[in-house]
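Note that ligands are numbered from 1 as they come in the structure, with each ligand's atoms numbered from 1 the same way.
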Amino acid sequence: MIDLKNLTIKSAHEDLKNGKYACRDLAEAYLNEIKKNNKEINAYLAVYDDVLEQADNAQKKFEDGTATLLTGIPIAIKGVILIKGKRSAASSKILENYVASYDATAILKLKKEGAVFLGETNLDEFAMGGSTENSAFGPTRNPSDLSRVAGGSSGGSVAAVAGDMALAALGSDTGGSVREPAGFCGIVGMKPTYGRVSRHGLMPLGSSLDCIGPIAKTAEDAAIIYEAIKGHDVMDSTSIKEDTYPGTNKKGAIGIPWDLIKAEGVDKSVQDNFEASVEKLKSLGYKVEDVSLKNLGLALAIYYIIMPAEASTNLARYDGVRYGLHVNGKNLMEDYMRTKGQGFGPETRRRILLGTYVLSAGYYDAYYGKAESARALLKGEFNEAFKKFDLILTPTAPFPAWKIGEKSDPLSVYLADIFTVTANIVGLPAISVPSGFEVGRKFESAK
Ligand code: GLN
């Protein structure tokens, strides 16, 4: 039996290299866990039928000496990242039968390494949400406590890894969707610098914010995946050229925006846990100081103008003609209305309305234009702060994972993004690492 609980990419690679078990054995071990637990957790919407075939192909790389760290590693893929010939439904009724016709660049890169793709994971419809409760195919449950959300929008990918149904996963992060669920489930989620990983083949949501990011059990594993998927891509005009990527200049200092962390609405348990982490960092010799970012408090408002604006533009393509679901009406306008009415869930419709409103004539300057100006100010403040600090530290979310169905007001879910959206607005890299559990980690004890 392979000890999946304590397995990392690094250790699995050693085992495969030493012939302790074969790629097929590893893939089978994960397929068994999926069979046992996915019904309850709902991390996967589909498990691919060629997993063992992929594993056997990976094994050949070990035999001919071309294996890399990711060869034979079973990975879960968020249902908005395209794999040729596989369904990618974005957890939406409108794309329920959509099969991708090409591979995302990140997928192509992983294929080259011989990674094994296990299946399509659940998410909030089109990646809008913070709990995976907005999926058209039911919520994903938190493997640590099945009564709670796994976070979102990459809840399926994160729960797959946290529940030992994949060794790692890919998610997408527009305002925290890799990091917040990773925080809620106690694993690592990383959002790369904007443009560092190609967006080609990632269904667009907020095009100036979207990033594909790795989800893993350790920071080292996340780095292994990141190294494999990063790089300039001619298929994505916003992807960064290697030589324009800024280097690091270590100062050994951490900045903390205490004003925001001490604000009303941030759970006491989160504040206490965060303070304990800060003390630990201090005892390890880090210089920790208060950082003042004057417009940080505006980040959530900026995000919830820019993101729906871009989302409404991107979602216009799902009109019943080009892709997916088509519902007949008496004329073209009725076709559109019926298709979108039946195909999109309530949160998606809400964002389309919000987005078209802030972009409409007469309101553009008042909302969208202002949000873009405030975004530029915030970018400037971060540039200034990084002259002094190596990193800015905050909790990932202002409260721990909530009970499924507990938050019926969408605004209260938006608040979960208060710490994460900033990195997307200014294009910075960000990572969520575990720092304690409110409930027992063990899946067994959660029942
Ligand atoms: N929770 C955020 C939202 O609902 C983030 C989504 C994301 O990163 N895809 O917009």
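Some N or O of Tyr303 is nearer than 3.5 Å to an N or O of ligand 1, by distance alone. Considering backbone and side-chain atoms alike, Met307 places every N or O at 3.5 Å or more from each N or O of ligand 1. Remark: ligand 1 and Ala127 share an N or O pair separated by less than 3.5 Å (distance only, no angle test). Some N or O of Gly129 is nearer than 3.5 Å to an N or O of ligand 1, by distance alone. Residue contacts with ligand 1: Lys78 is placed with no nitrogen or oxygen under 3.5 Å of a nitrogen or oxygen of the ligand (distance criterion only). The shortest N or O to N or O distance between Gly152 and ligand 1 is not below 3.5 Å.
Proximity to Gly175 (heavy-atom distance under 4.0 Å) selects the following atoms of ligand 1: 5 (C), 7 (C), 8 (O). Ligand 1 places these atoms under 4.0 Å from at least one heavy atom of Ser153: 9 (N). Interface atoms of ligand 1 facing Met128, defined by a heavy-atom separation under 4.0 Å, are 4 (O).
Considering only heavy atoms from C-beta on, Tyr364 stays 4.5 Å or farther from Val358 through its side chain.
Between Ala43 and Met165 the shortest heavy-atom distance is CB-CE, 3.9 Å.
Donor-acceptor pairing under 3.5 Å is lacking for the side chains of Ser157 and Lys78. Judged purely by distance below 3.5 Å, without hydrogens or angles, the side chains of Thr132 and Thr140 never pair a donor atom with an acceptor atom. Using modelled atom types and a 3.5 Å distance limit, the side chains of Trp402 and Glu133 yield a donor-acceptor pair.
In Arg351, the part holding a heavy atom less than 4.0 Å from any atom of ligand 1 is the side chain. Neither the backbone nor the side chain of Phe126 comes within 4.0 Å of ligand 1, counting heavy atoms alone.
Protein heavy atom nearest atom 7 (C) of ligand 1, with residue, atom name and distance: Ser177 OG, 2.4 Å. At the shortest separation from atom 3 (C) of ligand 1 among protein heavy atoms lies Tyr304 OH, 3.3 Å.
Using a 4.0 Å cut-off between charged side-chain N and carboxylate O, Asp103 and Lys111 make a salt bridge. A salt bridge is defined here as a Lys NZ or Arg NE, NH1 or NH2 lying under 4.0 Å from an Asp or Glu carboxylate O, and Asp164 with Lys5 meets this definition.
Annotation for Tyr102: atom OH counts as buried by contact number, over 12 foreign heavy atoms lying within 6.0 Å.
When Val421, Leu300, Asp173, Asp417 are checked for heavy-atom proximity to atom 2 (C) of ligand 1, Asp417 turns out nearest.
Of the options Val266, Asp417, Asp267, a side-chain contact (heavy atoms from CB on, under 4.5 Å) to Pro398 is made by Val266 and by none of the others.
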